[in-house]
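For the single chain, residues carry numbers from 1 onward in sequence order.
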Amino acid sequence: QVRLVESGGGLVQAGGSLTLSCLDSGSFFNTMGWYRQAPGKQRELVAAITNSGRTIYADHVKGRFTISRDNAKNTMYLQMNSLKPEDTAVYYCNANLPTTTGRNQVFWGQGTQVTVSS
């Protein structure tokens, strides 16, 4: 079955960098992305990438974060630079798998904690 496993989270000082990885089970996904959820906040989109490499970014991370996808390694990455305390959240990998019905099947990873200290 499809699995998404995030890694790379941790504690970093403001201004520092982290790279998150999402290892998938080898499925051919349409769109993949990163979401995050901070305490007391709803889950929000951080960045997304299509199977053709087209990317979108939330305004609050544009210019600081870079999403990429290595299909040969079944891995999606989120390079996070210039981290701010407000980036502190659990980051979730998201993937959408086309089905024969024409609808995407949505999958989520377990999340990885990113904590940015001031």
Run the side chain to side chain donor-acceptor pair (under 3.5 Å) check on Gln42 and Gln37 step by step: do they pass? CA-CA 6 Å; Gln42 66 182 28; Gln37 187 167 19; over 6 Å; no
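- Through direct or indirect side-chain contacts shorter than 4.5 Å among Ile, Leu, Val, Met, Phe, Trp and Tyr, Val2 is connected to Leu4, Val12, Leu18, Leu20, Phe29, Met32, Trp34, Val46, Ile49, Tyr57, Val61, Phe65, Ile67, Met76, Leu78, Met80, Leu83, Tyr91, Leu97, Phe107, Val114, Val116.
- For the 3.5 Å distance criterion, the side chains of Asn81 and Ser17 qualify, holding a donor opposite an acceptor.
- Within the model, atoms CD of Gln105 and OG1 of Thr100 stand 10.0 Å from one another, a figure rounded to the nearest 0.5 Å.
- Ser118 approaches Ala14 most closely through the heavy-atom pair CA-CB, 4.5 Å.
- Pairs engaging residues 87-100 under the salt bridge (charged side-chain N to carboxylate O under 4.0 Å, His left out) rule: Arg36-Asp87, Arg64-Asp87 [sequence neighbours left out].
- Atom CZ in Arg3 sits 8.5 Å away from atom OG in Ser25 (nearest 0.5 Å).
- Looking at every heavy atom in both residues, Arg69 comes nearest to Asn71 through NE-OD1, 3.2 Å.
- Residues satisfying the side chain to side chain donor-acceptor pair (under 3.5 Å) criterion with Thr101, sequence neighbours excluded, are Thr99.
- Side chains of His60 and Glu44: a donor-acceptor N/O pair is present below 3.5 angstrom, by distance only.
- Side chain of Thr88 to backbone of Glu86: no donor-acceptor contact under 3.5 angstrom is found.
- Grouping the Ile, Leu, Val, Met, Phe, Trp and Tyr side chains by contacts below 4.5 angstrom, directly or via other members, places Leu45 apart from Tyr77.
- The backbone N or O of Asp24 lies less than 3.5 Å from no partner atom in the side chain of Asn74, so there is not a single donor-acceptor pair.
- Qualifying ring pair (Phe, Tyr, Trp, His ring centres under 6.0 Å) partners for Tyr35, counting only residues two or more places apart in sequence or in other chains: Trp108.
- In this structure, Val5 stands alone, with no Ile, Leu, Val, Met, Phe, Trp or Tyr side-chain heavy atom under 4.5 Å from its own, directly or through other members.
- The backbone N or O of Val106 sits nowhere less than 3.5 Å from a side-chain atom of Asn104 that would complete a donor-acceptor pair.
- Atoms CG and CD, from Leu23 and Glu6 in turn, are 10.5 Å apart once rounded to the nearest 0.5 Å.
- Between the Thr112 side chain and the Gly9 main chain, a donor and an acceptor come within less than 3.5 Å of each other.
- Contacts of Arg43 classified as salt bridge (charged side-chain N to carboxylate O under 4.0 Å, His left out), with partners at least two apart in sequence or in another chain: none.
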